[in-house]
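Below, read A as the first sequence line, B as the second, and so on, with proteins coming before strands; counting in each chain starts at 1.
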Number of protein chains: 2
Amino acid sequence: MRASVTTIEPNGHFCSDCAVRGFAVCASLDPEELREFEHLGRRVHFAAGETVFSEEDITTSFYNLLEGVMRLYKLLPDGRRQIVGFALPGDFLGMNISDRHNFSADAIGAVTVCQFAKAPFGRFIEDRPHLLRRINELAIRELGQARDHMVLLGRRSADEKVATFLLGWRERLFSLKGSSNTVPLPMSRQDIADYLGLTIETVSRTFTKLERHGAIEILHGGISLRDPARVEALAAA
Amino acid sequence: MRASVTTIEPNGHFCSDCAVRGFAVCASLDPEELREFEHLGRRVHFAAGETVFSEEDITTSFYNLLEGVMRLYKLLPDGRRQIVGFALPGDFLGMNISDRHNFSADAIGAVTVCQFAKAPFGRFIEDRPHLLRRINELAIRELGQARDHMVLLGRRSADEKVATFLLGWRERLFSLKGSSNTVPLPMSRQDIADYLGLTIETVSRTFTKLERHGAIEILHGGISLRDPARVEALAAA
DNA sequence: CGCGCCGTTGATTTGAATCAAGTATTGTGG
DNA sequence: CCACAATACTTGATTCAAATCAACGGCGCG
């Protein structure tokens, strides 16, 4: 779905109040820099299902996710899809070397991003090595996650994939919202399947199996971890 | 295999003569900086099969690969292995956020690296943003490759995996040694299997099948692309 | 020369995909 | 607010691609 009714707020917001101030790229900026930085970004809203940018697009902007969840994915010519990650608030999107995005990004549910035009953002970084270092840090962290995910895709069974996903997703939400055995899953079964390199049927069956074994409870829009130790045992393997 | 008979050369080498000078991290340094940089790195040799660093090791050094090929991999507790990449001359290894390497690295065949102690290297970067930018660039490039590989692992068939691997490997060698339809494969079938998320038998069968169809010829230590168009068609899917 | 590793090939099994319904949930227009 | 269409999810039957199990040939090395 292409962006249609996106809303661009007038600049009536302040970075200092921003929900992701503490852990996004901008965490590396001091209060003075932040005031300058404020003029670079614009808050933009996307509705559920809208595409924020596409794989083949020329990169004109970078994005700092403020609210909501996004799916990041690549498509093969015949339509097969691999989701390469889910983005959560604080994630920084759009860095690349080829001047083109190398994946597409859709809003899952309503999303708010802080959008930066590429050129001014580049200029702002130019003489602020600490911001560059922060960006580098985020890139290296992502690279580590990407490698972990390769292990999952290449060498784990369906059961292990699903168990690992549930625990990993809970862990990510934990650092945003605190610990809970109730794990919201805003993405569809198809999204989960395309993330784990499985089919929707296999994901569904695996969820059901986990529930039958008392490891989880399937809720609307999520799951509850009934027996975390059991799920961990499955994921470790 | 652990490093045993590694050789450390006395500092009788010059960065300006270095084979990877033009495209490694150090490409971003001017001649004066290079002279200072020279004192930071030491050339170290590893024999075939030796481990340069391991997943669980504390990071004490960064490595610039000068000669040879390395396999980078992660292991699951039960021994399943996923090769997350092959390193070629010019590749920069060891960057991480957790102070631990998040993968292991073995020499495939004889290898020469330029080894940098972490602390002095960090200090050297400190006031040289262009070097940091270069490192960032390499990290982002790798991230793109990692995402491509996720698509391969999660969504491609065995035939597509092998065909894509052969073309990709040829492409990488091309930028080092120029174009050729003869593609050396210094890694074992097991390595290829662990890179592609397949078994050794499936890799072997797929090679044989490609040969029977006249797409490739299997040589000792490599293959020859007889019908590149056909291999490309398989890889595209 | 013979042992061991690497790669190939064949037979069989199996985990996940595919094919095929059916049920629940959400959204829409009357 | 309800009827109905569309979408999301589940479940079952069957197929199939790749894994596993098994054996053998070739090459390299002590």
Q. How about A:F53 and A:F103: are their ring centroids closer than 6.0 Å?
A. yes
Q.
Using the ring centroid of each side chain, check whether B:Y63 and B:F92 are separated by less than 6.0 Å.
A. no
Q.
What residues from residues 189-200 of chain A pass a heavy-atom cutoff of under 4.0 Å to DNA chain D?
A. A:R189
Q | Residues from residues 202-223 of chain B lying under 4.0 Å of DNA chain D - heavy atoms | A | B:T202, B:R205, B:H220
Q: Sort and list the pairs that fulfil salt bridge (Lys or Arg N to Asp or Glu O under 4.0 Å) and have at least one residue in residues 197-216 of chain B, not counting sequence neighbours.
A: B:D159-B:K209
Q | Distance under 6.0 Å and angle within 45° of ring axis: B:R71 vs B:Y195 | A | no
Protein and nucleotides 20-23 of chain C: nitrogen or oxygen contacts under 3.5 angstrom:
none

Q) Do B:R170 side-chain atoms and B:L225 backbone N/O form a donor-acceptor pair below 3.5 Å? A) no
Q) Can you tell me if A:S104 uses its side chain to pair, donor with acceptor, with the backbone of A:K74 under 3.5 Å? A) no
Q: Start with the C-alpha gap between A:S54 and A:T51, add the side-chain angles, then the distance that decides, and say whether side chain to side chain donor-acceptor pair (under 3.5 Å) holds.
A: CA-CA 7 Å; A:S54 277; A:T51 297; 5.1 Å; no
Q: Using distance alone, with no hydrogens and no angle criterion, decide if A:N181 and A:S224 have a side-chain donor and acceptor under 3.5 Å apart.
A: no
(Q) Under a 3.5 Å cutoff, is there a donor and acceptor pairing between the side chains of A:Y73 and A:D191? (A) no
Is [Y] close to [X] at the side-chain level, that is, under 4.5 Å between some pair of heavy atoms?
X: B:N64; Y: B:V113; answer: no
X: A:H101; Y: A:E55; answer: no
X: A:L93; Y: A:M70; answer: yes

Q) Can you name the nearest heavy-atom pair linking A:A163 to A:L234, along with the distance? A) CB-CB, 3.8 Å
(Q) Angle between the two end axes of the helix from C:dC1-D:dG30 to C:dG30-D:dC1, five base pairs per end, rounded to 10 degrees? (A) 40°
Q. Which distance, rounded to the nearest 0.5 Å, do you find between the CD of A:Q115 and the OG of A:S61?
A. 4.0 Å
Q: Walk me through it: do B:N96 and B:T59 pass the test side chain to side chain donor-acceptor pair (under 3.5 Å)?
A: CA-CA 8 Å; B:N96 61 68; B:T59 305; 2.6 Å; yes
Q | Range on DNA chain D touched by chain B, heavy atoms, distance below 4.0 Å | A | D:dA18 to D:dC27
